[in-house]
Amino acid sequence: MRWSDTLIPTLKETPAEAEIVSHKLLLRAGLIRKLTGGLYTFLPLGLRALRKVEQIVREEMNSAGALELLMPALQPPEIWRQSGRYETARDVLFKVRDRAKKEWVLGPTHEEVITTLVAGEINSYRQLPKNFYQIQTKFRDEIRPRFGLMRAKEFIMKDAYSFDATDEASQVSYRKMFDAYTRIFQRCGLKTIAVEADTGVMGGKFSHEFMVPAETGENEVVFCDGCGYAANVEKAASRVSAPSALNATPSTIEKFATPGVLTIEALTEAPYNVAADHQIKTLVYKVESGIVLILLRGDDQLNEAKLTGALGTATFRPAEPEEIFTALGAHPGSLGAVGVSKFTVYADERLRSAAGMTTGANEDGFHLRHVAVDRDIHVKHWSDLRLVRAGEPCLKCGQPLKVQRAIEVGHIFRLGAKYSQALNALFLDEAGKQQPAIMGCYGIGVTRTLQAVIEQSHDDNGIIWPVSVAPYTVCITPLNVAPDSEVMKRAEQIYADLTARGVDVILDDRNDRPGVKFKDSELVGFPIRVGIGEKSLAKGEVEVKPRAGALIPVKLEQAVEKVLELIKHTLA
RNA sequence: CGGAGCGUAGCGUAGCUUGGUAGCGCGUCUGGUUUGGGACCAGAAGGUCGUGGGUUCAAAUCCCACCGCUCCGACCA
């Protein structure tokens, strides 16, 4: 490809819409352009990189035995009603109507479609296992699209669905996908960590997320250098110390005045001096069935994903101040669970047997001290509800845990029979008995992966593409583009030779000053630049410059071999 | 949806407080000089100042409404 024949609209200045470096570089390097919030056009260069990611995904999925197919993006709402997700996923579903006013949904994911297909086509254990995948555009009515391709209303996802006869077989399928994902991200040049994850609205037994460590990531992962434990913070647990107030001498509850004290923090100060770990934090939530109380130690934070697990539902919200006052007779800041029997009380494990605690009195301006949880509070459900923090000892080995922000690029789930049961994907087993297929589902955000590569691999001058996903592997930069010049003739020859050897090459034939061409090639981030100018040519040399390495003078006749060698060894 | 901020030429922005001819840089076009790290000179094109309404002799500027974008939170590949 000749630079002047394609469209690479690089920008010197950063458009105001971009906040994080990968988004800025996607725009500046001329890879994408925004149509409107959350919707982007891939320009020729961006599309080439995207296709390379897709191809890696395709190759690894195929070699893991998965079968590619393509399902409709437009789906009938009936199958979503059948699976129950028409309600549970309604917030992300784009809905459209046809001319007959019939409603359709734009697929945010395809469990319903694939399960419907399998219900019709697979009837026997002899046809299992099967794993189907597609690379396709998904639509999600995101609350807030952001960071360019990172979270968009429309994005490209690879989604795969495994069907097995037994739970054990399903675990094998899961493992195969886990391994395939590891290879895919490795080939994309990404450092990823696989973490234990919460299953969220997808449902299922357990799951792993593939995370790219990055400060700009939207997730937090907790990991241990000692034993390799790694989990999404929503799921992570740690070995935390028992309440220090445990040994406090038992004494009767005492109410005391705390005018104006509305926070844990305020109660830690004089004249009260109650340490946060001697306080009980009382949160009031509204669930469908009514009001519930959540108790945590004063210095702990609620993990809402864990609360979802404890409550058995994801439909809850913090109660409004009026609702709280109606329920407990006090406002936030003076709340407590002592003597409360009307509402279900959920408490974090860390409060078990805690004594000598201080909590709100359910009377504005008053607190209670000398509270013993076991004696004074009727806790209905005990569970782990707290957010893990950096430095806490690892659950498995006791080493201090670390916390790191990360970008989620892949997520794999074991679904069990949830969808196969709802959509009648049944088969006959060896004994002639009807069974629901055991499913797994496996997603990769392809467009997001592309951006994650940039987020993880760049410098002040621009993108540093790994060879595997670079839009072009080599950029040839002649400093004189007059067709009859020696420089241009040599450039053309190298271009032809490399192309003949199967290398993706772009020839920067623009009649621009060297500085402009060097800056652009570095901004776009081609892995190798071959510079040809009068000075080097006078010595019979060209300049081979790896994007992230030092310039290498190479004899003209060895240039092609040198480039091929670099691609094969140093950069692959 | 709640909170914050911003909409002026393709991009980045000044002007708004205190109403009075819409300015600068980059990019684009023409001519010339240049040619190893985002050149220089001369000239040129390009603007519904987000949209609608209001106040006023006069609105980019003040007021109201709406729309859009960005950031923080809930959602997620």
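Each chain gets a letter, A, B and so on, in the order the sequences are listed, and its residues count up from 1.
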Is the distance between the ring centroids of A:Phe210 and A:Phe178 under 6.0 Å?
yes
Could you please name the partner base of B:rC76, counting Watson-Crick and G-U wobble pairs only when both distances are under 3.5 Å?
none
Taking the basic N atoms (NZ, or NE/NH1/NH2) and the acidic carboxylate oxygens, is any pair closer than 4.0 Å for A:Glu19 and A:Arg146?
no
Heavy atoms under 4.0 Å, any strand shown: does A:Lys34 hit a base, just sugar-phosphate, or nothing?
sugar-phosphate
Kindly point out which of B:rG38, B:rC11, B:rC71 is positioned nearest to the side chain of A:Glu19?
B:rC71
What's A:Glu304 touching, base or sugar-phosphate or nothing? Going by heavy atoms closer than 4.0 Å.
nothing
Need the pair for B:rG37. Rule: Watson-Crick or G-U wobble, both distances under 3.5 Å, any strand; none if unpaired.
none
Under 4.0 Å, heavy atoms only, any strand: does A:Gly443 hit a base, just the sugar-phosphate, or nothing?
nothing
Just to be sure I understand the rule, does A:Arg33 reach a base, reach only the sugar-phosphate, or reach nothing, if contact means heavy atoms closer than 4.0 Å?
nothing
Taking the C1' atom of each, how far is B:rC26 from B:rU17, in whole Å?
29 Å
Pairing partner (Watson-Crick or G-U wobble, both distances under 3.5 angstrom) of B:rC29
B:rG43
Write down the distance between CG (A:Asn219) and P (B:rA77), rounded to a whole number of angstrom.
10 Å
Without decimals, in angstroms, what is the distance between A:Leu39 CG and B:rU70 P?
10 Å
Pairing of A:Arg547 and A:Asp459 as salt bridge, 4.0 angstrom limit
yes
Could you state the atom-to-atom distance from CG of A:Leu35 to P of B:rC69 in whole Å?
10 Å
Side chain of A:Arg144: nearest nucleotide among B:rG73, B:rG27, B:rC76?
B:rG73
A:Lys24 NZ to B:rC11 P, straight-line distance once rounded to whole Å
17 Å
Would you indicate, yes or no, if B:rC76 has its OP1 or OP2 atom less than 4.0 angstrom from a side-chain nitrogen or oxygen of A:Arg140?
no
In the structure shown, which nucleotide is the Watson-Crick or G-U wobble counterpart of B:rG12, with both distances under 3.5 Å?
B:rC24
Before accepting this row, confirm whether a basic side-chain N of the pair A:Arg183/A:Asp179 lies closer than 4.0 Å to the acidic partner's carboxylate O.
no
